[in-house]
Amino acid sequence: MSLYSVLMVDDEEEVIRIIRKKINWEEIGFQVCGYARNGIEALEMVEELQPDVIMTDIKMPYMDGLELAARIKEQYPGTRIIIFSGFDEFDYVKQAIGLEVEQYLLKPLDSVEIRQVFEKVKISLDADRNLKNNIAHLERYYEKSLPLLREGFLASLLDDAVPDHKLKGYLDEYRISLDGPFFAVAIIHTSSRSAPEGMSASLLRLSVRQLVDQSSISSERDYIFNYRNNIVAVTQLEKKEEIARYTDLCDRFCKSAKRSCQAIVTIGIGQVVDQVHDLILSYKGAREALSYRTLYGAGNAINIVEIDPRDTRAVVDIQDSNDLHDIFKQIKMGNTDSLEKAVNRFVLSLKSSNINMQGFSLILMELLTGFYRFLINNEIDTGILSEEHEDVYTELLQMDSMEDIQNWLFHTSMKIQRCIQEQRSSKTGSFVREAQNYVLENYSNPELSIDLICSELGVSSAYFSTVFKRETGKTFINYLTEIRMKEAERLLVEQDEKKYIIAEKVGYSDPSYFSYVFKKWFGVSPMKYKQGSRNSL
């Protein structure tokens, strides 16, 4: 059984050192995964480390332990919190109880007491884990899940098997409320390779399903059901713009599932539609978004409109041929080896088919028609097919062998693939530059955050964070801090201003926190840095 992780928070490093030394953590089933010096730093570490337990002091600079506990309970409700402090005022105890912390301890801390508290916490964590992984419990939960008739109807909607004139009758019969006014479909995919030892892939999906029903991505207006070995969510939105927030909720769920169920979950999100019978279009968009997990990484939420902003409803029905559809899929995925294999499969199917010349000419015509539609749907100049030959169809008919057709098909697909990659790079590079320019113009705003800039750009923070780091090599917070510190350095050297004035000019409302960040960045306090600059002149 893996150890539970503990994040310790205290502005006195000596206190943390003593606590860590007093306890044999592995013996009681825990490991200390990190140490933060204040609440703000702890929040940043929680996002990355996802600890099971947070042990925090109350009195700390910038953000105290109670505010930290409130933030953690809001964002990560399953995290256990232990508060310790040298202050025994009743108000602190009342607030701690209100936050449902596991224990309130007074300094100096006794090793026996600490051990007893963590042993109790481990019992609670074990109970939660056993509840999620208990096979009998999962089977009972499955029996009590959404009624089969409702699941069957929702699956029929995605199969396009419900006539429009019968739709309202079915909705009333199964008591399904789809009032919208906007809808989106999300596919929640659990990797079968991530199943813990001794648990089947199907039971792992059930564990994830239970987590979905308990999470923030499942509201009273959402419908969750099993469909084709995945979990599907139909969410209802008041405004189209709410899809960015929903994408972020899904992304946080993916991270939570990895920690809680040891499952790698990827969520594909389709385009927003305004008609119930168009849910199939959103589902197809979600399925296409899910196919991008190889490119964008499993364990994330992927919104089809953010990675491919064109209307996807025309893209998904190019040809009936699965082999041809696979070529188009690999063109968009950007993997040259997989594209070559897809082309080879298509040509092999042509070679093995027993057709005459008339049938062969029809296949070539359908092939070119499919490519023209694909180019139009992806806003690529169709002239790319006729760069060397004006009459491509005649040229293909006159080729000497199937190998020649295979070479033409592969090289043409490669050219289209490069066009799509350039489009994608241009799109992501454009909004990253827009974000950088926004920072340069607004770094003095203390409210500037990733949520604010994503609201300005109209994208989810999950997608923005992934693309920003990929394009710049830095997280958004690191980039913002770098800009602020460069400007602070310039102001310290060139202007004789008070520390609090410089702090305000670079976006810090708290001069003490500004000094903390500055020292962390440059290794010395702002005043020492300023004195050193003067001495060097």
Exercise. Are Y438 and L457 close enough, and set up right, to give a side-chain contact (heavy atoms from CB on, under 4.5 Å), and what steps lead you there?
Worked result: CA-CA 10 Å; Y438 189 87; L457 295 174; over 6 Å; no
Problem set entry | Stepwise salt bridge (charged side-chain N to carboxylate O under 4.0 Å, His left out) test for K341 and D337 | CA-CA 6 Å; K341 290 176 182 177; D337 291 338; over 6 Å; no
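For the 3.5 Å distance criterion, the side chains of E47 and Y76 qualify, holding a donor opposite an acceptor. Looking only at atom types and distance, the side chain of S449 has no donor-acceptor partner in the side chain of D451 under 3.5 Å away.
Residues N303 and S460 fail the side-chain proximity criterion, which asks for heavy atoms closer than 4.5 Å. Annotation: side chain of T475 is not in contact with side chain of E48 (no heavy-atom distance under 4.5 Å). K255 has its side chain within reach of N300: a pair of non-hydrogen atoms, C-beta onward, lies under 4.5 Å apart. Two residues are said to be in side-chain contact when any heavy atoms from C-beta on lie closer than 4.5 Å; V46 and I54 meet this criterion. Side-chain contact check for I453 versus F468: every heavy-atom pair is 4.5 Å or farther apart. For the pair R209/I224, a side-chain contact is recorded, criterion being any heavy-atom separation below 4.5 Å from C-beta on. Side chains of N226 and I231 form a contact here, defined as non-hydrogen atoms less than 4.5 Å apart.
A donor-acceptor distance shorter than 3.5 angstrom exists from the side chain of D52 to the backbone of S5, with no hydrogens or angles considered. Judged purely by atom type and a 3.5 angstrom limit, Y463 has no side-chain atom pairing as donor or acceptor with the backbone of A301. Remark: side-chain polar atoms of K284 are not paired, donor with acceptor, to backbone N or O of L158 under 3.5 angstrom.
Annotation for Y479: atom OH counts as buried by contact number, over 12 foreign heavy atoms lying within 6.0 Å.
Identified under the salt bridge (Lys or Arg N to Asp or Glu O under 4.0 Å) test for residues 220-232, with sequence neighbours left out: D159-R228, R221-E238. Applying the ring-ring contact (aromatic ring centres under 6.0 Å, His included) rule to pairs touching residues 232-285 yields Y227-Y283, sequence neighbours excluded.
Ion pairing of R252 with D248 is absent here, as no side-chain N (NZ or NE/NH1/NH2) approaches a carboxylate O to less than 4.0 Å.
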